> 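What follows is a structure written as structure tokens; I'll ask about it next.
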Amino acid sequence: MELVKAIPLGGILSYVFSVLIGSQGRQGGHLNIFHVDIYQYELWWSWPLFFAGTFLAWGIMALQR
């Protein structure tokens, strides 16, 4: 159950940090931040950051149990 709760938190963390780093024109090194245009919307995303944020949130929630 904690994993289901951790996935949106990992997505929010990944989006916020990707926007902060990617909008400055940086790639983020190992974070592999990339820019996607979907119709007129811009999206910055990082899969490694998403997995790391999800694992971090899951670990914190699991420790609280």
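The residues of the chain are indexed from 1 along the displayed sequence. Keep in mind that what you see is a predicted model, and the values were worked out from it rather than measured.
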> Could you label the plane-to-plane angle of the W47 and F50 rings as parallel, tilted or perpendicular, counting under 30° as parallel and over 60° as perpendicular?
perpendicular

> Mark yes or no for whether S23, through its side chain, and V19, through its backbone, hold a donor-acceptor pair below 3.5 Å.
yes

> Count the heavy atoms of every other residue, nucleotide or ligand shown that sit under 6.0 Å from CH2 of W58, and state whether that count exceeds 12.
no

> Working to the nearest 0.5 Å, report the span between CG of L49 and CG of N32.
11.0 Å

> Any link between V36 and W45 through a network of hydrophobic side chains (Ile, Leu, Val, Met, Phe, Trp, Tyr) touching at under 4.5 Å?
yes

> One pair to check against side chain to side chain contact (heavy atoms under 4.5 Å, CB included): M61 and L3. What are the steps and the verdict?
CA-CA 9 Å; M61 288 183 203; L3 183 62; over 6 Å; no

> Report yes if some heavy atom in the side chain of D37 is under 4.5 Å from a heavy atom in the side chain of E42; otherwise report no.
yes

> If you group Ile, Leu, Val, Met, Phe, Trp and Tyr by side-chain heavy-atom gaps below 4.5 Å, do F51 and V16 land in one group?
no

> Quick check for you: to the nearest 0.5 Å, what is the distance between S18 atom OG and L13 atom CG?
8.5 Å

> Within the side chain of S46, is there an N or O that forms a donor-acceptor pair under 3.5 Å with the backbone of L31?
yes

> E2: which residues meet the salt bridge (charged side-chain N to carboxylate O under 4.0 Å, His left out) condition with it, sequence neighbours left out?
R65

> Under the ring-ring contact (aromatic ring centres under 6.0 Å, His included) test, which residues partner F17, sequence neighbours left out?
none

> If I take atom CZ from residue R26 and atom CD1 from residue I33, how far apart are they, to the nearest 0.5 angstrom?
10.5 Å

> For the hydrophobic clusters of this structure (ILVMFWY residues joined by side-chain heavy atoms under 4.5 Å, transitively), does one cluster hold both Y15 and I38?
yes

> What about F34 and L20, same hydrophobic cluster or not, with Ile/Leu/Val/Met/Phe/Trp/Tyr joined at side-chain heavy-atom distances under 4.5 Å?
no

> So which heavy atom on W44 is nearest to which on G22, and how close?
CH2-O, 2.9 Å

